[in-house]
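Positions are given from 1 along the sequence.
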Amino acid sequence: MQPVEPHSPIEAPVERVSAKTAWYQKLGALLFIIVCFEVGVFLLIFPWMEYWNNNSIASLAPWMRDVWDSPFFRGALSGLGVINICISLAEVFRLRRPPPDRLKVSVL
């Protein structure tokens with residue numbers, strides 16, 4: 001006697017998702033780019049301004065004053081700003097890339 005194979009489930013036809021992006025996806029990407037760039041510029045510049053010592057966050061923890069005034073901490077925040085700017089630029093290039101169905105493939 002041969003073993004009985006279980007019945008394979010009936011597979012529904014798979015619908016292909018269009019590579020075309022909707023307007024709200026592009027708008028969301030554009031807002032993400034703007035916010036990421038603005039936060040990056042703020043983090044890059046603000047720690048080195050004279051207002052850095054007079055903000056309200058520094059006065060919340062006076063025992064952290066040495067860390068807050070440290071150039072290493074300011075440099076780390078500026079580094080995060082550079083990373084945010086790089087992320088926003090990478091998203092700009094990703095947004096400008098044509099969809100895969102519009103890429104031309106050359107055959108030799």
(request) Taking the side chain as every heavy atom from C-beta outward, state whether Lys26 and Leu30 have any atom pair closer than 4.5 Å. (result) no
(request) Please list, chain by chain and in numerical order, all residues satisfying ring-ring contact (aromatic ring centres under 6.0 Å, His included) with Phe32, sequence neighbours excluded. (result) none
(request) Identify, with sequence neighbours excluded, every residue that meets side-chain contact (heavy atoms from CB on, under 4.5 Å) alongside Leu27. (result) Trp23, Leu31
(request) Give the cluster check for Val35 versus Phe37: same hydrophobic cluster or not, with ILVMFWY residues linked at side-chain heavy-atom distances below 4.5 Å. (result) yes
(request) Give the cluster check for Tyr24 versus Ile34: same hydrophobic cluster or not, with ILVMFWY residues linked at side-chain heavy-atom distances below 4.5 Å. (result) no
(request) Determine which pairs satisfy salt bridge (Lys or Arg N to Asp or Glu O under 4.0 Å) with at least one residue from residues 81-92, sequence neighbours left out, and list them in order. (result) Glu91-Arg94
(message) So, using side-chain hydrogen bond (donor to acceptor under 3.5 Å, both in side chains) as the criterion, who are the partners of Glu38 when residues are at least two apart?
(response) none
(message) Suppose the criterion is side-chain hydrogen bond (donor to acceptor under 3.5 Å, both in side chains): which pairs have a residue in residues 60-73, not counting sequence neighbours?
(response) none
Side chains of residues 71-83: which donor-acceptor partners sit under 3.5 Å, not counting sequence neighbours?
{"from": "Arg74", "atom 1": "NE", "to": "Pro47", "atom 2": "O", "distance (Å)": "3.4"}
{"from": "Arg74", "atom 1": "NH1", "to": "Pro47", "atom 2": "O", "distance (Å)": "3.4"}
{"from": "Arg74", "atom 1": "NH2", "to": "Asn53", "atom 2": "OD1", "distance (Å)": "3.2"}
{"from": "Ser78", "atom 1": "OG", "to": "Leu44", "atom 2": "O", "distance (Å)": "3.3"}
{"from": "Ser78", "atom 1": "OG", "to": "Trp48", "atom 2": "NE1", "distance (Å)": "2.7"}
{"from": "Ser78", "atom 1": "OG", "to": "Arg74", "atom 2": "O", "distance (Å)": "3.2"}

(request) Determine, using the 4.5 Å side-chain heavy-atom cutoff (strictly less than), whether Leu95 and Ile87 are members of one ILVMFWY cluster. (result) no
(message) Do Phe93 and Ile85 land in one hydrophobic cluster if side-chain heavy atoms of ILVMFWY residues count as linked below 4.5 Å?
(response) no
